[in-house]
Amino acid sequence: MNHIVVTGGCGFIGSNFIRLMLETYSELSITNIDKLTYAGNLANLTDLEESERYQFQKGDICDRPFVDSVVGKGNIDAVVHFAAESHVDRSILDSTPFVTTNVNGTLTLLDSCRSHEISRYVQVSTDEVYGSLGDEGFFTEETPLAPNSPYSASKAAADMLVRSYVHTFDFPAVITRCSNNYGPFQFPEKLLPLFISNARNDQSLPVYGTGENVRDWIHVLDHCRGVDAALRNGKVGDVYNFGGRTEMTNIALTKLLLKLLGKPDSLIQYVTDRPGHDQRYAIDCAKAETELNWSPQVSFEQGLQETIDWYIDNEEWTNNIRSGDYMNYYEKQYGDR
Ligand code: NAD
Ligand code: DAU
């Protein structure tokens with residue numbers, strides 16, 4: 001594999017994936033296509049700007065002529081599709097961009113890849129398509145899809161389109177579904193970077209509902225290694241789940257963060273719950289372990305400390321985001337909770 005196209009490479013996971021792939025494979029070059037929405041940030045990849053093995057093309061995955069101009073270049077071995085509207089709370093405020101990008105954008109990309117006979121395609125999906133668990137059990141690749149938020153519904157719709165293209169057109173796709181990622185370069189609307197930033201500024205940490213919801217945390221580089229394994233060794237038409245085997249309630253994670261940051265629990269503010277809030281996510285990743293020889297490498301203890309250190313060392317990165325439009329969003333999201 002010499003040249004791949006990555007979509008959404010200026011976001012959190014996409015930028016970590018591009019950096020990891022270029023570090024891992026010395027012959028590989030990557031074209032990154034990204035619309036630079038509020039979540040896309042060129043600062044996530046400044047270290048690669050001079051690299052001859054990295055190209056950036058600004059554009060929208062819903063724009064077929066643009067997508068064709070990149071995917072149809074003739075030397076593309078694979079497409080890895082990260083680009084999406086990714087934040088559940090924003091999908092509750094306004095679902096439209098989620099359907100536009102996550103459903104129509106995926107369809108546009110699939111059609112372009114099919115017409116240019118791309119020989120490998122990875123759909124980066126999410127465990128949220130499975131819905132919510134009770135106290136027991138895990139999501140497996142066989143769990144029926146039951147998305148609960150507009151975000152997860154749009155991701156499930158995209159997965160169904162991919163599945164149909166495999167079935168109908170022998171399209172060479174695999175689908176990955178991962179649990180909650182943490183690590184550097186995550187947009188500070190998501191729980192961890194938001195709470196780190198708020199705590200550093202002695203602002204309250206808005207915990208939704210009782211804080212007893214459970215998430216299964218995985219380091220972003222473990223997710224990226226999983227996507228790479230699925231890209232190279234996944235079976236066409238198959239789904240692979242990735243998770244960190246690290247379940248934690250939101251309130252336990254919040255208290256741990258405050259302890260590691262040396263801040264008091266009094267910063268915790270319980271606020272009105274997220275509508276339709278999924279109770280628990282937990283991934284059974286046995287299939288990826290057995291068939292892809294993948295397993296999470298980063299311990300949560302070490303990964304969390306390194307992540308906190310990264311946000312402290314790169315406070316300017318967060319501060320550059322937390323102004324203007326971001327503050328309008330913050331007010332809409334948290335103002336009257
Ligand atoms: P992100 O919001 O940080 O980044 C999304 C990127 O996609 C941004 O750079 C944005 O500019 C770009 N983008 C959005 N709309 C676009 C469009 N129409 N055309 C081109 N580019 C566009 O998201 P993330 O957290 O890095 O998630 C990446 C992918 O991984 C998503 O598909 C998401 O559903 C999936 N995922 C995320 C997690 C998680 O914990 N963050 C877990 C599992 C799966
Ligand atoms: O499981 C994978 C999914 O994880 C990805 O598909 C999504 O793209 C990603 O955003 C993430 O979704 P969540 O909704 O789980 O992540 P978020 O960081 O928004 O919230 C994590 C938990 O923390 C969730 O139970 C809601 C809660 N929360 C979140 C925020 C932003 C709070 O209590 N307060 C907050 O302010």
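All values derive from a computational prediction rather than experimental measurement. Atoms within a ligand are numbered from 1 in the order they appear, just like the ligands themselves.
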- request: Taking the six-membered ring for Trp and the full ring for Phe, Tyr or His, determine whether the centres of Tyr151 and His87 are under 6.0 Å apart.
  value: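 They do not qualify: ring centres at least 6.0 Å apart.
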- Query: Centres of the Tyr38 and Tyr326 rings: under 6.0 Å?
  - Reply: no
Next on the checklist: Which label fits His277 and Tyr208: parallel for a plane angle under 30°, tilted from 30 to 60°, or perpendicular past 60°?
Outcome noted: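 The arrangement is perpendicular - the two ring planes meet at more than 60°.
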Where ligand 2 meets Tyr281 - atom numbers and elements under 4.0 angstrom, heavy-atom basis |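 Contacts of ligand 2 toward Tyr281, numbered from 1: 1 (O), 15 (O).
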- Any N or O on Ser179 sitting closer than 3.5 Å to an N or O of ligand 2? no
Among all protein heavy atoms, pick out the one at the shortest distance from [atom]; state its residue, atom name and that distance to 0.1 Å.
{"atom": "atom 2 (O) of ligand 1", "answer": "Ser86 OG, 2.7 Å"}
{"atom": "atom 44 (C) of ligand 1", "answer": "Ser125 O, 3.1 Å"}
{"atom": "atom 4 (O) of ligand 2", "answer": "Asn180 ND2, 3.2 Å"}
{"atom": "atom 33 (O) of ligand 2", "answer": "Tyr208 N, 2.8 Å"}

Check contact between Pro97 and ligand 1, using heavy atoms of the residue and a distance below 4.0 angstrom.
no
Does ligand 1 have any atom sitting under 4.0 Å from a heavy atom of Tyr151?
-> yes
Checking heavy atoms under 4.0 Å, the part of Phe12 that sits near ligand 1 is both
Exercise for review: Select one of side chain, backbone, both or neither to describe which atoms of Val124 lie under 4.0 Å from any atom of ligand 1, heavy atoms only.
Suggested key: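 Under 4.0 Å from ligand 1, Val124 contributes backbone and side-chain atoms.
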Please tabulate, for side-chain N and O atoms in residues 252-268, each donor-acceptor pair with protein atoms closer than 3.5 Å (sequence neighbours left out).
from, atom 1, to, atom 2, distance (Å)
Thr254, OG1, Asn250, O, 2.6
Lys263, NZ, Asp202, OD1, 2.9

Any salt bridge (Lys or Arg N to Asp or Glu O under 4.0 Å) pairs touching residues 1-15, not counting sequence neighbours?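 Sorted result for residues 1-15: empty, none.
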> What do you reckon, does Ile61 have a nitrogen or oxygen under 3.5 Å from a nitrogen or oxygen of ligand 1?
Replying inline: yes
field: Test item, Cys178 contacting ligand 2 (heavy atom, 4.0 angstrom)
entry: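 The answer is yes, since Cys178 has a heavy atom less than 4.0 Å from ligand 2.
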Original post:
Any ion pair linking Asp159 and Arg177 (charged N to carboxylate O, less than 4.0 Å)?
Top reply: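 Yes, Arg177 and Asp159 are salt-bridged.
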